[in-house]
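A short worksheet on the structure shown next.
When a ligand or atom number is given, it counts from 1 through the structure's own listing order.
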Amino acid sequence: MPVFTLIFIAALFATTATRLWLAQRHLRHIRLHRDTVPRDFAEQIGLESHQKAADYTCANTRLDVIQILLETTLLLVFTLGGGIQLLADFWQGLVGTGLWRGVTLIASILVISSLFELPLSLYRTFVIDARFNFNKMTIGLFLADLLKQALIGAALGIPLLLGVLWLMEQMGPHWWLYVWLAWMSFNLLILLLYPTVIAPLFNKFSPLQDQALTTRIETLLQKCGFKSQGLFVMDGSRRTSHGNAYFSGLGASKRIVFFDTLLARLNHDEMEAVLAHELGHFKRRHIIKRIATLFALSLAGLWLLGWLMPQPWFYQGLGVATQGTDTALLLFLLISPVFTFLFHPLSSLYSRKHEFEADRYAAENASGEQLIHALVKLYNDNAATLTPDPLHSLFYDSHPAAGQRVAHLRALMKQI
Ligand SMILES: [Zn+2]
């Protein structure tokens, strides 16, 4: 057996085993703490809500276990099982060896993966979310979303893929630099188009009507020296009763978006604190930092792919006989997560650091007290667990665990 096959199998086994182990720990920890509301939340959250959050998180985590097993199986079938080779031969017979073999091969792998994951997504929405009264989607809306996503994916993805494969073939040994420039331009274009062109295909955005709240928010924006292209309400309640607020877009297309579900639940003081937290992400340059990190990692990844592409062991080790730009790109995209998984805690840590900084900004510019009120309401409404397994949280959570976050805000309030 080729050495690289052994390395790949070992890495895949280690990653899958770690993911399953973390899921089991998470389930056990939540079950163990199911019957007591943590002391910091005992006044605001009742035992029944706490248990609902525990059951909801456990139901989702159990589905995650199936997802992990499915992803691992598919990856093995595609690579060592000969799936990619089979499809590459099939498409080559139909469209020849040119750029279109690459497009059809990569697209068919994506479509097959999505078809296998569809039942899980249906189960999450129509069984789990429905059981806990979060789902507002009809099967018709679900299918319409799916169709729209597929069409947008094809409209944007096929030209991108054609361009990337063409650059890989035509630009000589430094092709990865050109592909990087193209990939970055594509990302920036999506960021610009998303709020005004893509998001409205899925949701209705209407200007915020509440005059008192508008005035309040504009005062905050002015105080923080922030310019935006308006305040919008999104009809999130069409799909889910989970609430959220976010900023989207870059530069001139920057918008502030509130889910209608959030507006219905939070009072003006709490809304102001939540918005101040979001402003904190902008003011502390988190968005720019994240984009810069993505740019740097993409460059490193493409350079690595440039090095791997001419190595026969890379293909043979993964069960593929056809050496080409398309098979190299596809294999690289499929197996990268197996090798980068162990760095996941670092990216989560980076993200949680930003959340703490944004909370500090909210405490300084609005109110830490009100932010805590808002967070507790959101934890409660979204049935987010207050007692995640610490190691699971360390690995995956982009936001600090509820207890840590509230404790951090309370500590800040004493300083300010
Ligand atoms: Zn945040």
Side-chain angles (χ1 to χ4, degrees), residues 40-41 53 57 191 194-195 199 217 220-221 223-228 231-234 236 240 242-250 254-263 265-294 344-386 388 392-413 415-416:
D40 282 348
F41 299 93
T57 312
L191 275 173
Y194 185 80
I217 290 172
L220 177 72
L221 293 179
K223 181 172 143 197
C224 299
F226 187 89
K227 284 194 181 60
S228 90
L231 309 169
F232 292 86
V233 181
M234 189 188 106
T240 167
H242 290 305
N244 208 346
Y246 69 91
F247 283 77
S248 70
L250 270 186
K254 207 156 53 199
R255 287 178 161 195
I256 297 173
V257 177
F258 301 110
F259 278 42
D260 52 359
T261 37
L262 191 75
L263 282 173
R265 280 292 289 148
L266 301 187
N267 65 34
H268 290 184
D269 291 331
E270 294 159 348
M271 286 299 293
E272 185 185 49
V274 167
L275 183 62
H277 168 97
E278 295 301 325
L279 281 171
H281 283 308
F282 255 93
K283 283 291 166 180
R284 297 282 175 258
R285 306 191 151 272
H286 296 161
I287 319 287
I288 301 289
K289 283 179 191 166
R290 263 174 235 181
I291 294 174
T293 312
L294 171 76
H344 217 299
L346 283 180
S347 101
S348 302
L349 183 73
Y350 188 54
S351 168
R352 290 195 301 269
K353 178 176 174 288
H354 287 171
E355 293 307 325
F356 281 132
E357 286 175 14
D359 278 352
R360 171 180 278 274
Y361 188 86
E364 285 168 356
N365 291 281
S367 155
E369 179 91 56
Q370 296 302 332
L371 186 56
I372 293 177
H373 285 174
L375 286 172
V376 170
K377 271 191 192 172
L378 293 177
Y379 292 139
N380 205 0
D381 290 1
N382 293 339
T385 181
L386 301 173
H392 185 276
S393 177
L394 195 74
F395 240 88
Y396 293 114
D397 286 355
S398 60
H399 288 63
Q404 284 172 12
R405 200 166 171 193
V406 168
H408 174 255
L409 276 165
R410 291 217 169 106
L412 281 176
M413 281 152 58
Q415 285 173 28
I416 296 164

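When the Zn ion (ligand 1) is compared with the N/O/S atoms of Glu355, atom OE1 turns out nearest.
Within the 2.8 Å limit, His354 places no N, O or S atom next to the Zn ion (ligand 1). Note on His277: counted as a metal contact of the Zn ion (ligand 1), an N/O/S atom lying under 2.8 Å.
Under the salt bridge (Lys or Arg N to Asp or Glu O under 4.0 Å) criterion, Asp397 pairs with no residue, sequence neighbours left out.
In this structure, Leu371 CG and Arg405 CZ are separated by 6.0 Å, a value rounded to the nearest 0.5 Å. Taking CZ of Phe41 as the reference point, atom CG of Asn380 lies at 10.5 Å (rounded to 0.5 Å).
Applying the salt bridge (charged side-chain N to carboxylate O under 4.0 Å, His left out) definition to pairs two or more places apart or across chains, those involving residues 279-293 are Arg284-Glu364.
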